[in-house]
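Here is the structure we will look at.
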Amino acid sequence: MELNDTLRDIAKKLLEEGRVDAVLGFRQSSLAHMTEPFLATTAEQADQLVFNSCCRMNLAVYLTPDLFRSGRPESGKKSPRVAVTAKGCDSRNIVTQIQENRYKRDQVHIIGLPCTGMADKAKLLAAAPEGIDTITEKNGTLILSRDGKETVVSKTEVLQSNCLSCIIRNPVIRDEMAGDPVPELDMDSHPDRFADVAEIEALSPADKAGFFETLVSDCTRCYACRNACPLCYCPVCFVDESRPQWVGKTIAPTDVMAFHLLRAFHDAGRCTDCGACEAACPMDIPMRAFTRKTIKDAREGFGWETGMDLNLRPPLDRFDLKDPGDFIR
Amino acid sequence: MKPIHIKKEAFGPAMAKAMETYAVAGPVPDREDAKRRHLFRCLEKGETPDLEYTATQLSPKALLFPQAETMFRFKVPSGGKKAPFLEAESFKERPLAVVGIRPYDARAFDMLTLNFDSKDYKDPFFLKRCHQMVRVGLADTTLKDTNFSTACGTGPFDTTALDILLAKTEDAYIGTVITAKGKSFAAAAGFEAGSAEDTKALARMKQEAESRMRPGPDFSALADADTLDLHGEDHWARLAFSCINCGSCTFSCPTCWCFDIQDEVTGNDGVRLRLWDTCMTDLYSAHASGHNPRQERFKRFRNRFMHKLKYFPDKYGQGIMCVGCGRCIDNCPVGIDIRTIIGEMNAKAAGAAKAAGTAKTGGTDKATEAAS
Ligand code: SF4
Ligand code: SF4
Ligand code: SF4
Ligand code: SF4
Ligand code: SF4
């Protein structure tokens, strides 16, 4: 059976049997290369659920206190149970959110999505400059059709860069799978995993500053990156704080850099490299250059990979006698 | 309207000539590594607007309404005895020619003007800039699927907000001079006169471009709809579910005009800034008391569409606050499409109108109930 059929069957069953109150997933958007996060609350709505190479957003973003509060008090349940469809990276963010006490494991029913990566929006559009009417996926290729004319691209060529170094494509926690698990890329200890970060590390401090300044020079501070990120759930973000105000509001390099650097630090040991931030950016800014450094450092300094195990505590909220850092002992 | 005809190889030299009299802004490729992207900015000597571009992620509105603008500087003398004093920014900008602007984006400039040139307040910088600006448009012959400008009363060849309209052919830019301002610019740039052939070709291209456009949304029922009814519909939370309340749509929109005022003080020196703001954020509507009338996300989402499709048309009587450029659709990370939202709003309004009609013509309670 096709993955989408299985996915819909699972969702319908969960809703019909009253095991969950809603299923969080994706549905097709009006544009062929886009999907829209979607909350199905009836079996009929569950028919709209899809999973394909354009499900770039991270659904953990939508697992908010509001969603769990919006339960039906009359049903006598304290808070609703929500089923969520999750890619490998999404599941790691769910683990992180549970570790950070956003909600409890038994409040979410995880429908695992075996993921072979997401197609980069800019790369797709560049491959089909005339526009895209529909996208069909077959044997590792994407068929982009326009007025009956087909452009075939290999999925590897249009993958988002984070998917090329993905360390876990099947969800780390799940209640069931919507398809057979896919083979892993074994990138976790691959020598090239952090080649991009190493390249930046090798620059002189002045060149590094120049590199990052150019990187974010087009940033409009729309904050789509932040809002698309499942870690950025603070009720008031430091950039929006006005009493006192921490960061200037202009698009001058200092203000823009303050936002990006501080956000990256807030995500240290928490970022799963899901790529939702980059996929959300209207200016195609590769701001994962910041967070990837924190991933590398968390790994090298603490042997930490984010969101792999519910029973571990993140390195920044734990004291360990065997900590390799001298300063702490 | 005088036809003009500029051979492509003559365009660069013409711009260099125009730069002797005007500051010139236009679309230029932003970075080598992102070929599909062009940005509008003021050009340096030796640069030429790249009229072969297809689209820009951001509209050119920053040329008229910068994202961060200094309104004035002030000094706060130490000791607290003397009063702070102001230094107004002096306006020294040369007349700016925006070359290559899309006709519908130029129409958006006129909409922005409604906000900065009101009975109560005339914004000095905006208006000076606007009055001396020359708009040299480039017809959109590489229309994106998301463009629905004709449905919004403008279009890829609309001349109403332009001084000159150009259109790209194989080897030339042909076009027409529309206003006196346009005439002066054409003379300064040394644009060659065209022929009746060019006028015909332009009309043909216009028809061809418009016929290729996808049907736009219908918003005909919104004008007569009751504002509070539209506001109170029960679909907003559902429509807004996926919205992450970023500012992508409003920042990239050529008609969104909202701003915030900030003072930045370093030591004794201060500066008052005007900065783009967006109704999608929590802070936009936060009151000093701590109360926020748009605390929930869907209320902010609702405001964006209500402002564009109902409050604005009702207040100004000049149609909706959207020129159909499609940028908000292309840039929305979660696939929200303003055409879909318009469709949903219009359907509700049409349904309500129909129900009211049935009631008036003596329909039974049941019929009214079924129609609503
Ligand atoms: S999404 Fe892009 S443009 Fe918006 S704030 Fe983030 S980096 Fe800047
Ligand atoms: S910072 Fe970006 S890559 Fe990391 S978790 Fe957030 S959205 Fe995902
Ligand atoms: S761009 Fe999309 S997600 Fe962002 S605020 Fe606008 S509608 Fe919402
Ligand atoms: S609302 Fe969207 S389509 Fe309309 S003018 Fe603004 S960005 Fe363009
Ligand atoms: S839609 Fe929002 S940001 Fe745009 S002009 Fe209206 S209130 Fe301002």
Side-chain angles (χ1 to χ4, degrees), chain A residues 24 26-39 54 56-57 61-62 64 66 70 121-122 125-126 129-133 146 214 217-218 220-229 235-237 239-243 245 248-252 255 276-277 279-284 286, chain B residues 30-31 33-37 39 54 57-58 62 66-70 142-146 237-238 241-252 260 262-264 271 273 275-278 280-283 286 288 290 296-297 327-340 343:
Chain A
L24 179 55
F26 294 96
R27 68 172 168 192
Q28 183 58 46
S29 136
S30 60
L31 305 180
H33 63 279
M34 295 297 290
T35 55
E36 182 186 8
F38 170 60
L39 191 70
C54 300
R56 307 176 187 91
M57 291 297 104
V61 165
Y62 297 89
T64 59
D66 273 352
S70 65
K121 187 173 145 188
L125 293 174
E130 299 288 315
I132 308 171
D133 291 333
R146 173 63 168 194
T214 314
S217 61
D218 288 336
T220 63
R221 299 184 72 181
C222 69
Y223 301 139
C225 49
R226 176 198 68 186
N227 292 14
C229 175
V236 183
C237 174
V239 287
D240 290 331
E241 194 64 74
S242 54
R243 286 177 291 191
Q245 184 170 320
K249 296 261 183 182
T250 73
I251 42 168
D255 290 344
C277 45
C281 177
M283 305 305 288
D284 301 331
Chain B
D30 180 28
R31 293 200 208 121
D33 62 349
K35 287 214 176 57
R36 80 190 173 92
R37 177 138 50 117
L39 283 179
T54 52
Q57 260 119 325
L58 295 181
Q67 180 162 5
E69 178 168 33
T70 303
T142 49
L143 284 160
K144 286 192 146 193
D145 294 349
T146 45
R238 175 173 57 83
F241 176 77
S242 62
C243 175
I244 55 173
N245 284 118
C246 62
S248 293
C249 49
T250 47
F251 279 8
S252 55
D260 181 27
Q262 286 261 322
D263 286 352
E264 279 187 5
V271 48
L273 298 165
L275 306 152
W276 285 0
D277 200 359
T278 158
M280 293 315 234
T281 66
D282 183 53
L283 206 57
E296 290 111 308
R297 292 188 300 133
R327 286 189 184 85
C328 58
I329 310 169
D330 289 322
N331 286 346
C332 177
V334 301
I336 289 171
D337 188 330
I338 187 172
R339 295 168 298 184
T340 314

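Values reported hereafter were calculated over all heavy atoms of this structure, with side chains retained and with hydrogens, waters and symmetry mates removed. Letters A, B, ... are given to chains in the order of the sequence lines, protein chains preceding strands, and every chain is numbered from 1.
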For [X] versus [Y], what's the shortest heavy-atom pair and its separation?
X        : Y        : answer
A:Ala224 : B:Ile244 : O-CD1, 3.9 Å
B:Phe241 : A:Tyr62  : O-CE2, 3.5 Å
B:Glu264 : A:Asp255 : OE2-OD2, 4.1 Å
A:Asn227 : B:Asn245 : ND2-O, 2.8 Å
A:Pro37  : B:Ser242 : O-CB, 3.2 Å
B:Asn331 : A:Pro282 : CG-CB, 3.8 Å

Please flag which part of [X] lies under 4.5 Å from any non-hydrogen atom of chain A: side chain, backbone, both or neither.
X        : answer
B:Arg339 : side chain
B:Ser248 : both
B:Thr250 : neither
B:Ala288 : backbone
B:Leu39  : side chain

Answer yes or no: does atom CD of A:Glu241 have more than 12 heavy-atom neighbours from other residues, nucleotides or ligands under 6.0 Å?
-> yes
Looking at [atom1] of [X] and [atom2] of [Y], how far apart are the two atoms once the value is rounded to the nearest 0.5 Å?
X        : Y        : atom1 : atom2 : answer
A:Gln245 : B:Gln262 : CD    : CD    : 4.0 Å
B:Gln67  : A:Thr250 : CD    : OG1   : 8.5 Å
A:Ser30  : B:Asp145 : OG    : CG    : 10.0 Å
B:Lys144 : A:Leu125 : NZ    : CG    : 6.5 Å
A:Ile251 : B:Leu275 : CD1   : CG    : 9.0 Å

Relative to chain B, which of A:Met283, A:Arg56, A:Gln28, A:Met34 shows the most heavy atom pairs under 4.5 Å?
-> A:Met283
Interface residue of largest heavy-atom contact number with chain B, from A:Ile132, A:Val61, A:Asp218, A:Val236, under 4.5 Å =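 The candidate making the most pairs under 4.5 Å is A:Asp218.
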Tell me, please, which residues at least two apart from B:Cys249 pass side-chain contact (heavy atoms from CB on, under 4.5 Å).
->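 Partners of B:Cys249 under the side-chain contact (heavy atoms from CB on, under 4.5 Å) test: B:Met280, B:Arg304, B:Cys328.
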With sequence neighbours left out, write down each residue that passes side-chain contact (heavy atoms from CB on, under 4.5 Å) with A:Thr214, or none if nothing qualifies.
-> none
[X] versus chain B, the contacting section by heavy-atom distance below 4.5 Å:
X        : value
A:Leu39  : both
A:Thr35  : backbone
A:Arg226 : neither

Pair A:Lys249 + B:Asp277, salt bridge at N-O below 4.0 Å |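 Looking at B:Asp277 together with A:Lys249, the answer is no, because their closest N to O distance does not fall below 4.0 Å.
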Electrostatic pair B:Arg297-A:Asp66, nearest N-O below 4.0 angstrom = no
Winner by heavy-atom pair count (cut-off under 4.5 Å) against chain A, out of B:Asp337, B:Val334, B:Asp260 =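 Top count of heavy-atom pairs under 4.5 Å with chain A: B:Val334.
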